[in-house]
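A note on names: the letters A, B, ... follow the listed sequences, proteins ahead of strands, and every chain is numbered from 1.
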2 protein chains.
Amino acid sequence: MNPCETCAVRNQAICSALNPDELGVLNRIGRSLSMQKGQSLMWEGDQSLTVANIISGVFKLTSSLDDGREQIIGIAYPSDFVGRPFGNTNEYTVTALTDAKLCAFARADFEKFTPQHPQMEHKLLEKTLDELDRARRWMLLLGRKTAPEKVASFLLEMSQKLGGNDCSTGDTALAAFELPFGRQQVADILGLTIETVSRQMTQMKKAGLIDLPDRRHVRILQPEQLEEMSMAQPV
Amino acid sequence: MNPCETCAVRNQAICSALNPDELGVLNRIGRSLSMQKGQSLMWEGDQSLTVANIISGVFKLTSSLDDGREQIIGIAYPSDFVGRPFGNTNEYTVTALTDAKLCAFARADFEKFTPQHPQMEHKLLEKTLDELDRARRWMLLLGRKTAPEKVASFLLEMSQKLGGNDCSTGDTALAAFELPFGRQQVADILGLTIETVSRQMTQMKKAGLIDLPDRRHVRILQPEQLEEMSMAQPV
DNA sequence: CGCAAAATTGAATAGTCTCAAATGTAGTGG
DNA sequence: CCACTACATTTGAGACTATTCAATTTTGCG
C-alpha cells in the first residue's frame with residue numbers, strides 16, 4: 001500500500017494536488033526521514049540537493065553572520081515544504097526543533113517530476129506566495145517594532161498557530177500553548193537578546209497580560225491588550 | 001502587431017515562457033499602464049484585484065503601522081511581477097519611485113489564463129522563490145546588523161543592482177550609481193531613522209570608502225572595505 | 001541530591017533615536 | 001539671472017532603549 005494514503009499531511013501538503021496514481025509515482029522517488037531535535041537537514045551556503053515535505057515536527061530556518069549572530073528567518077510546520085527547488089544553493093540552515101518526520105526528495109528527482117504535474121507546482125506556488133507575505137510582514141516587525149511590540153506580536157502569532165483554546169474555566173477563549181522555542185530562539189526570531197525577551201515576558205506576566213506556568217508554556221490572559229501592545233494592523 | 005514583441009522585458013518577465021500565440025492571448029487580457037513617480041498601484045489591506053509586470057521604473061513595497069512607522073519590505077524592478085495572485089488581499093502598498101510603465105492584468109483574468117500555461121506559472125514560481133530568498137536575507141540584516149553594517153550592505157546591494165562600472169579612470173571597477181531613493185526611503189529599507197542613515201553615509205565618505213557627488217549619487221571607492229564592514233557572508 | 005544548562009535579574013554602557021536647528025538643494029516666478 | 005520658497009539633508013545635544021557583562025536563580029536530568 002502507498003504510505004501516502006495514511007499520511008498525516010495528505011490534505012495540506014503540496015502533494016494534495018495529486019491523484020492516487022500520481023501519488024504512487026511521487027512516493028517511489030521520495031523517502032521517509034526521521035530527525036531528532038537539534039539535527040539539521042541542510043546548511044546555509046550548501047548546494048541544494050534535497051527538498052522535503054514536513055510530516056511532523058517544527059523546524060527553524062536560520063541565517064547567521066560570521067561572528068555568530070543568528071536570525072531565525074522562518075519557521076516550518078507540518079505540511080510545509082522546505083528546501084530550495086529550482087536553485088543551486090540553500091540560502092539558510094534548516095534545523096529540527098523537535099523530533100520530526102519528513103518526506104524527502106532528491107532535488108533532481110523532484111524537478112523531473114514537477115513539470116508533468118502542474119497542479120502540484122501550483123500548490124507549491126501558493127505556499128511560496130504565502131511564505132513571502134509572512135516573511136515580509138515579519139520584516140515590518142524586525143525593522144520598526146519596539147521590544148514590547150515584538151514580544152506581544154510573537155505571542156499572538158504563536159497562539160494563533162499553536163493555540164488550542166483552554167476552556168477549563170468555561171470562560172472566553174484563553175489561548176494556552178507550548179512554545180517549541182527556548183528563550184534564545186525567541187530572541188533569534190525577534191532580533192533581540194535573550195535578556196530583553198526575558199525581561200519583556202516577566203513584565204507582561206507581572207502586568208497580568210499573560211501567565212507563564214513553566215518556561216515552555218504560555219497562557220494569554222488579556223488578548224485585547226496584547227493585541228494593542230503589538231501594534232497589529234486592523235486587517 | 002502584438003506590442004509584446006517589442007517589450008523591453010520580453011525575455012525576463014514571466015511571459016518569456018510563452019510562445020507568440022500564447023502571448024497574443026495574454027496581450028488581449030492585459031493593458032499597458034503608465035504611472036508617475038509617487039503614485040500607488042495598490043494599497044496594503046485592499047482586495048487583490050490587479051497584478052502586473054513591471055516594464056520600466058522602480059517600485060517600493062511598503063507596510064506600515066498605525067502611527068506612521070513604515071518599512072520598505074521589497075523593491076521591484078523592470079521584469080519583476082507585483083501584486084498578489086491566488087490570494088484575496090494585498091499585504092502591502094506598491095508605489096512608483098520613478099515614472100514607470102506596467103503591463104497590468106485583472107487578477108481574475110490572470111488566474112484564468114494561468115492554469116493553461118504551466119510554463120508561465122513555473123516562471124512565476126521561480127521569481128517568487130527568488131524573492132523569498134531575498135526577503136529572508138534582508139531579515140538577517142534587519143534583525144541582527146548594526147547601523148554601519150546595514151548601510152554598507154545596502155550600498156553594495158544597490159551597486160550590484162544598479163551599478164554600471166564607471167571606468168573613466170581606467171582603474172579597477174569603481175561602481176557608481178544613482179539611488180532611486182531619498183534618505184528617508186533608505187531609512188525605511190534598513191529599519192533606521194533618516195538621521196542615522198545620514199550620519200553613517202557622511203562618516204563613510206569622510207573615511208574615504210565612498211564618494212557622494214550629490215544626494216542621489218554614490219560612488220564606491222573601497223569595495224573590499226565596504227564588504228568587510230557589511231559582514232557579508234562569503235558565499 | 002547534585003550538576004549543567006537555561007533563564008532571570010541587576011547595573012552600567014553603547015548605540016540609536018528624538019527633538020531642534022542649521023545647511024543645502026531644486027524649482028518657481030519675478 | 002536671481003531671489004524666494006519649500007523641501008531634503010545634515011549636524012548637534014540629550015534622552016532612552018536595548019545591549020553587554022556579570023551574578024543569581026531556576027529547571028531538568030542523571
To the nearest Å, how far apart are [X] [atom1] and [N] [atom2]?
X        : N      : atom1 : atom2 : answer
B/Arg144 : D/dA18 : CZ    : P     : 13 Å
B/Arg199 : D/dG14 : CZ    : P     : 13 Å
B/Glu195 : D/dA13 : CD    : C1'   : 13 Å
A/Leu142 : D/dA18 : CG    : P     : 14 Å
B/Ile194 : D/dG12 : CD1   : P     : 17 Å
A/Leu141 : D/dA18 : CG    : P     : 12 Å

Output the residues of residues 181-192 of chain A in contact with DNA chain D, where contact means a heavy atom of the residue under 4.0 Å from an atom of the strand; sort by number or write none.
-> A/Gly191, A/Leu192

Take atom CD in B/Gln47; do more than 12 heavy atoms of anything else shown fall under 6.0 Å from it?
->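 It does not: B/Gln47 CD has 12 such atoms or fewer within range.
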
Does CD belonging to B/Glu228 count more than 12 external heavy atoms closer than 6.0 Å?
->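 Not more than 12 within 6.0 Å, no.
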
Indicate yes or no: at least one non-hydrogen side-chain atom of B/Leu209 is less than 4.5 angstrom from one of B/Lys205.
-> no

What are the residues of residues 200-218 of chain B, sorted by number, that bring a heavy atom to within less than 4.0 Å of DNA chain C?
-> B/Arg215

Any luck finding a side-chain donor-acceptor pair between B/Lys145 and B/Ser153 under 3.5 Å?
->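 Present: a donor and an acceptor within the cut-off.
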
Between A/Thr193 and D/dT19, does any side-chain N or O lie under 4.0 Å from OP1 or OP2?
-> yes

What I want to find out is whether [X] reaches [Y] closely enough, with some N-O distance under 4.0 Å, to be called a salt bridge.
X        : Y        : value
A/Glu44  : B/Arg137 : no
A/Lys60  : A/Asp188 : no
A/Arg136 : B/Glu131 : yes
B/Arg69  : B/Asp67  : yes

A/Asn90: which of A/Leu41, A/Asp46, A/Val51 passes side-chain contact (heavy atoms from CB on, under 4.5 Å) = A/Asp46

Out of C/dT16, D/dT19, D/dT10, which has the shortest distance to the side chain of B/Ser198?
->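 In terms of side-chain proximity for B/Ser198, the closest of C/dT16, D/dT19, D/dT10 is D/dT10.
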
